[in-house]
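Here is the structure we will look at.
Everything quoted here is computed from the prediction, not taken from an experiment.
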Amino acid sequence: MKFVKTLGLFALVAASLMAFTASAPATTVTSPAGTAYTGEIFLMSEGHVVIHNPIAKIECEALSTIPNIAKHGNAVTAEATLESFLFFHCTNEWHVTTVSQGSIEIHHLTGTNHGTVTSSGMTIEATRFGVTCRYKTLNTDIGTLTGGIPATFHLEGALPFHSGSPLCGAGTTKWTGSFNVTTPSKLFISA
């Protein structure tokens, strides 16, 4: 009798694991549509990226390079490490640098060729007149990658405050902007 119960328990565990595996997220970055893409992705801001700091808005142009999609496909979320995230032409004498690039994950949005983007390990530092504000992502939802010709990344999320002046506030700071994907010329997100 004990053998039958043990066998039944193993069958239940195996069925649960198969159900979990079948529903695991899968995201593939494609260019053109339907063809897996693992090459470089280059993004250029459309106007300013804005960090809505409680002292004053921090507004800069920005560009980012993803050297390749390290992992994607069947039962895998698309993942990549950022090579660069650069800020320039900042307003009101702000100086913004990316201290640590971190990594991103892209999660397919069902029924679309778009994906939500999360970031981990990116540290951004903004300084002005002796005030330093540092923000660091940790599985932070930072926006939506809209597939197309060209694709667009809509930056919209909340940057977690990491360290710095008490004038920077605490908790999270809203982050907005928009990027054109210039390389490749067409990019789609699929399941």
Hey, are the side chains of Ile189 and Thr28 touching, using non-hydrogen atoms and a 4.5 Å cut-off?
no
Minimum-distance pair of heavy atoms, taken over all atoms of His48 and His89:
NE2-O, 4.0 Å
Search all heavy atoms of Lys136 against all heavy atoms of Gly121 and return the closest pair with its distance.
CE-CA, 4.3 Å
Atom pair CG/OG of Leu187 and Ser31 - distance to nearest 0.5 Å
6.0 Å
State, with a plain yes or no, whether a side-chain heavy atom of Tyr37 is found less than 4.5 Å away from one of Thr30.
no
If a pair satisfies side-chain hydrogen bond (donor to acceptor under 3.5 Å, both in side chains) and one of its residues is in residues 168-177, list it, with sequence neighbours excluded.
His52-Thr176
From the list Leu155, Leu43, Val49, Thr152, side-chain contact (heavy atoms from CB on, under 4.5 Å) with Ser178 holds only for Thr152
Cluster overlap Leu86 with Phe42, hydrophobic side-chain contacts below 4.5 Å:
yes
In Å and rounded to the nearest 0.5 Å, what is the CD1 to CD1 distance from Ile124 to Ile51?
5.0 Å
Main-chain N/O of Phe179 paired to Ser45 side chain as donor or acceptor, under 3.5 Å
no
Using the rule given for side-chain hydrogen bond (donor to acceptor under 3.5 Å, both in side chains), can you reason through Thr123 versus Ser100, listing the C-alpha separation, both sets of side-chain angles and the distance that settles it, and then say yes or no?
CA-CA 5 Å; Thr123 304; Ser100 174; 4.7 Å; no
With a 4.5 Å cut-off on side-chain heavy atoms, are Thr65 and Phe85 touching?
no
Those residues at least two apart in sequence (or on a different chain) that pass salt bridge (charged side-chain N to carboxylate O under 4.0 Å, His left out) with Arg128 are none
d(Phe87 CZ, Glu61 CD) to nearest 0.5 Å is 12.0 Å
Answer yes or no: is there a side-chain heavy-atom contact under 4.5 Å between Ser103 and Leu82?
no
Can you tell me if Asn53 uses its side chain to pair, donor with acceptor, with the backbone of Ile55 under 3.5 Å?
yes
When Thr116, Val181, Val29 are each screened for side-chain contact (heavy atoms from CB on, under 4.5 Å) with Leu145, the one that passes is Val181
Connected-component partners of Leu109 among ILVMFWY, side-chain separation under 4.5 Å:
none
Is there a side-chain contact between Glu105 and Val117 in this structure, where contact means two heavy atoms from C-beta onward sitting under 4.5 Å apart?
no
Provide the closest heavy-atom pair for Ser119 versus Met122 in the form atom of the first, atom of the second, distance.
OG-CB, 3.7 Å
Sub-4.5 Å side-chain heavy-atom contact between Glu83 and Ile66:
no
Would you please test Ile58 and Val50 for side-chain contact (heavy atoms from CB on, under 4.5 Å) and show each step?
CA-CA 6 Å; Ile58 302 169; Val50 182; over 6 Å; no
Given 3.5 Å as the limit, does a donor-acceptor pair link the side chain of Ser165 with the main chain of Leu167, or not?
yes
Exceeds 12 heavy-atom contacts within 6.0 angstrom, atom CD of Glu40
yes
Is there a path of hydrophobic side-chain contacts, each under 4.5 Å between heavy atoms of I, L, V, M, F, W or Y residues, that connects Phe161 with Ile142?
yes
Interatomic spacing from OG1 in Thr81 to CG in Asn68 - rounded to 0.5 Å:
8.0 Å
Are any non-hydrogen side-chain atoms of Cys60 and Phe88 less than 4.5 angstrom apart?
no
If you take all heavy atoms of Thr140 and Ala158, which pair is closest and at what distance?
CG2-O, 3.2 Å
side-chain contact (heavy atoms from CB on, under 4.5 Å) evaluation trace for Thr146 with His154
CA-CA 8 Å; Thr146 302; His154 304 279; 3.1 Å; yes
Test Thr118 against His107 for side-chain hydrogen bond (donor to acceptor under 3.5 Å, both in side chains), laying out the working first.
CA-CA 8 Å; Thr118 57; His107 313 271; 3.2 Å; yes
How long is the straight-line distance from SG of Cys168 back to CZ of Arg134, given to the nearest 0.5 Å?
8.5 Å
May I ask you to test the Ile149-Phe188 pair for a side-chain heavy-atom distance under 4.5 Å?
yes
Do the side chain of Thr112 and the main chain of His114 share a donor and acceptor less than 3.5 angstrom apart?
yes
Between Glu125 and Thr132, does a side-chain contact (heavy atoms from CB on, under 4.5 Å) hold up when you go through it step by step?
CA-CA 7 Å; Glu125 182 176 276; Thr132 299; 3.6 Å; yes
I need the Gln101 CD to Ser84 OG distance, nearest 0.5 Å.
6.0 Å
